[in-house]
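Working notes, beginning with the structure itself.
Keep in mind it's a predicted model, so treat the numbers as computed, not measured. Order of listing sets the numbers, starting from 1, for every ligand and every atom in it.
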Amino acid sequence: MTVTQAPGAGRVRRWAVVGAGMAGLTCARALYDAGQAVVVFDKARGPGGRVSTRRTPDGAFDHGAQVMVARHAPFQQQLADWAAAGLVAPWAPRPGPPAAGDASAAPGGWVGVPRMSAVTRALSVGLEARWGTRVASLGGRAGAWRLTSDVGVDLGHFDGVLVAVPAPQAAPLLAAVPALRSRAAGVIMQPCWTALVHLPAGWVSPWDAAQPAAGPLAWIARQASRPGRGPAPGWVLQATPGWSEAHLEATPASVAAALVATFRAQTGAPAPRWAVAHRWRYASVAADPHRLQCPPAAGGGPAPGEDAAAAWDRAAQIGVCGDWLLGPTVEDAWRSGRALAAAVLAGLNAG
Ligand SMILES: Cc1cc2nc3c(=O)[nH]c(=O)nc-3n(C[C@H](O)[C@H](O)[C@H](O)COP(=O)(O)OP(=O)(O)OC[C@H]3O[C@@H](n4cnc5c(N)ncnc54)[C@H](O)[C@@H]3O)c2cc1C
């Protein structure tokens, strides 16, 4: 990879970004575009993190983030740019059946096209990345950090390290910077069991999405109603944080069966051809006792200052970003990743 230095970006340094979700990729992209040398690590097989799509022979399922909503002007502009590039499109689902309750509250937003993962894939283009690599520890010192994988592989030396993983996974990586470690260790993240359901063809649904008023389901979405998808009769069901926590160690088969039973009772859907469950152990920062704030409640809370959006220890050359620093949404992750890149580049310009 040839790295050229952007005017005003200071000298080129070599950065490790741990985590290739929206926050890590946004940060990595900004540093790379400013001429810095960046290597991205992720334990998964590809980019996206919780902005994710599962492909199956029976169609694709957006089984992580459902919609992107902008509450701040910079992300509104980013969504407009992605829309112009054909990476996102608006989705306005018809609200769900009264039996599911809360029928009017099936909000839409922007979704990736043709899959939710389109945006994170685009952000990763051109970046040097090591997939399937779980970073287990950071050793060394500022300007000479060494990363080691969970199987003991030396992952190389870096001037600085930018940790972009959920708070409980960030804390053990931040032992060298106690203030950052305790900030991450103090954050509680809640799980979300998600079921991917393939119905027989032919069941016609006059609605596309619902946020049931009571658990165990918090969200139901018809995949074919999302822009640019095929006609495959796939549905995504998400459980409430409370139910997910209570069933955290249940088998995927038993979770899928329980969520499908509720889905069928609330909607009249036929028995599926198949259903599988995926556990998001760290789905979102604890916010609402009943449901994930996805998409965020109208109006949201007061926006934290941008200085809270990321944490950067310039002396140690270690930083942290991720949705959990701001809230439970894709926008929060994007803002956090952008803020960390800005802090890093400001430090370089300051000499
Ligand atoms: C089921 C569900 C529904 C959601 N719905 C919505 C929604 O509708 N709207 C919305 O705005 N938000 C929603 N969200 C939240 C949204 O997905 C997140 O806020 C956002 O994607 C977080 O991005 P991130 O980069 O901070 O973290 P992540 O996406 O979690 O990225 C972190 C990455 O780090 C990797 N990683 C972790 N530890 C290591 C390690 N040690 N070494 C290497 N790699 C590591 C992980 O594999 C992952 O790829 C939802 C989330 C879930 C789970």
**Request:** Would you check, one step at a time, whether the test side chain to side chain donor-acceptor pair (under 3.5 Å) holds for Gln190 with Ser284?
**Result:** CA-CA 6 Å; Gln190 53 199 5; Ser284 65; 3.0 Å; yes

**Item:** Arg134 heavy atom under 4.0 Å from ligand 1
**Value:** yes

**Main-chain N/O of Pro114 paired to Arg229 side chain as donor or acceptor, under 3.5 Å** = yes

**Asked** Out of Leu147, Asp332, Val51, Thr26, whose heavy atom sits nearest atom 21 (O) of ligand 1?
**Response** Val51

**Asked** Which of the atoms in ligand 1, numbered in the order shown and given with their element, are less than 4.0 Å from a heavy-atom of Trp280?
**Response** 1 (C), 53 (C)

**Request:** State the atoms of ligand 1, each with its element, that fall below the 4.0 Å cut-off from a heavy-atom position in Ala164.
**Result:** 32 (C), 34 (O)

**Request:** Quick one: sort the Phe61 and Trp274 rings into parallel, tilted or perpendicular, breaks at 30° and 60°.
**Result:** tilted

**Prompt:** Are any side-chain N or O atoms of Arg29 and backbone N or O atoms of Val125, one a donor and one an acceptor, separated by less than 3.5 Å?
**Reply:** yes

**Request:** Please say whether Thr194 places an N or O atom under 3.5 Å from an N or O atom belonging to ligand 1.
**Result:** no

**Prompt:** Out of Ala333, Ala283, Ser336, whose heavy atom sits nearest atom 53 (C) of ligand 1?
**Reply:** Ala283

**Request:** Pull out every atom of ligand 1 sitting under 4.0 Å from any heavy atom of Gly64, numbered as shown with elements.
**Result:** 1 (C), 2 (C), 3 (C), 4 (C)

**Asked** Is there a donor-acceptor pair closer than 3.5 Å between any side-chain N or O of Arg94 and the backbone N or O of Ser205?
**Response** yes

**Message:** List ligand 1 atoms under 4.0 Å from Gly322, heavy atoms only on the residue side.
**Reply:** 26 (O)

**Prompt:** Any idea which atoms of ligand 1 are less than 4.0 Å away from a heavy-atom of Gln66?
**Reply:** 5 (N), 6 (C), 7 (C), 8 (O)

**Item:** Option with minimal heavy-atom separation from atom 4 (C) of ligand 1, where the choices are Ser52, Pro166, Ala44, Ala65
**Value:** Ala65

**Sub-3.5 Å N/O-N/O distance, His63 and ligand 1** = no

**Request:** Name the orientation class of the two ring planes belonging to His278 and His63 (parallel below 30°, tilted from 30 to 60°, perpendicular beyond 60°).
**Result:** perpendicular

**Request:** Would you kindly specify which portion of Ser284 sits under 4.0 Å from ligand 1, judged on non-hydrogen atoms: side chain, backbone, both or neither?
**Result:** neither

**Asked** Of the backbone atoms (N, CA, C, O) and the side-chain heavy atoms from C-beta on, which set of Thr133 has a member under 4.0 Å from an atom of ligand 1: side chain, backbone, both, or neither?
**Response** backbone

**Asked** Going by distance only, is there an N or O of Val67 that falls short of 3.5 Å from an N or O of ligand 1?
**Response** yes

**Item:** Check: Arg13 side chain, Gly160 main-chain N or O, donor-acceptor pair, under 3.5 Å
**Value:** no

**Item:** Selected option - heavy-atom contact closest to atom 18 (C) of ligand 1, from Leu326, Val111, Asp323, Val40
**Value:** Asp323

**Asked** Which bit of Gln238 is near ligand 1, meaning a heavy atom under 4.0 Å away: side chain, backbone, both or neither?
**Response** side chain

**Prompt:** Does the pair Asp150 and Lys43 meet the rule for a salt bridge (Lys or Arg N to Asp or Glu O under 4.0 Å), with working shown?
**Reply:** CA-CA 10 Å; Asp150 60 340; Lys43 63 184 173 62; over 6 Å; no

**Prompt:** Purely on distance, is any nitrogen or oxygen of Ala23 under 3.5 Å from one on ligand 1?
**Reply:** yes

**Asked** Can you find an N or O of Thr329 that's nearer than 3.5 Å to an N or O of ligand 1?
**Response** yes

**Prompt:** Among side-chain atoms of Asp208 and Trp91, is any donor-acceptor pair under 3.5 angstrom?
**Reply:** no

**Message:** Please work out, at 4.0 Å between heavy atoms, whether the side chain, the backbone, both, or neither of Lys43 comes within that distance of ligand 1.
**Reply:** both

**Item:** Numbered atoms of ligand 1 (with element) below 4.0 Å of Val330, judged on heavy atoms
**Value:** 10 (C), 11 (O), 12 (N), 16 (C), 19 (O)

**Fill in**
Note: ligand 1 atoms sitting under 4.0 Å from heavy atoms of Cys192 are 1 (C)

**Request:** Evaluate the side chain to side chain donor-acceptor pair (under 3.5 Å) criterion for residues Asp81 and Gln77: first the C-alpha distance (whole Å), next the side-chain angles of each, then the deciding distance (0.1 Å), finally the verdict.
**Result:** CA-CA 6 Å; Asp81 292 346; Gln77 183 58 53; 2.9 Å; yes

**Asked** How long is the gap from OG on Ser244 to CZ on Arg279, to the nearest 0.5 Å?
**Response** 10.5 Å

**Request:** Give yes if a backbone or side-chain nitrogen or oxygen of Val135 is under 3.5 Å from a nitrogen or oxygen of ligand 1, and no if not.
**Result:** yes

**Message:** Does the plane of the ring in Trp235 sit parallel, tilted or perpendicular to the ring in Phe263? Use 30° and 60° as the thresholds.
**Reply:** tilted

**Message:** Any side-chain to backbone donor/acceptor pair from Gln238 onto Gly64? Under 3.5 Å, distance only.
**Reply:** yes

**Item:** Atoms in ligand 1 with a heavy atom of Val18 nearer than 4.0 Å
**Value:** 42 (N), 43 (C)

**Message:** Please verify the inter-ring angle class for Trp243 with His247; under 30° counts as parallel, over 60° as perpendicular, anything in between as tilted.
**Reply:** parallel

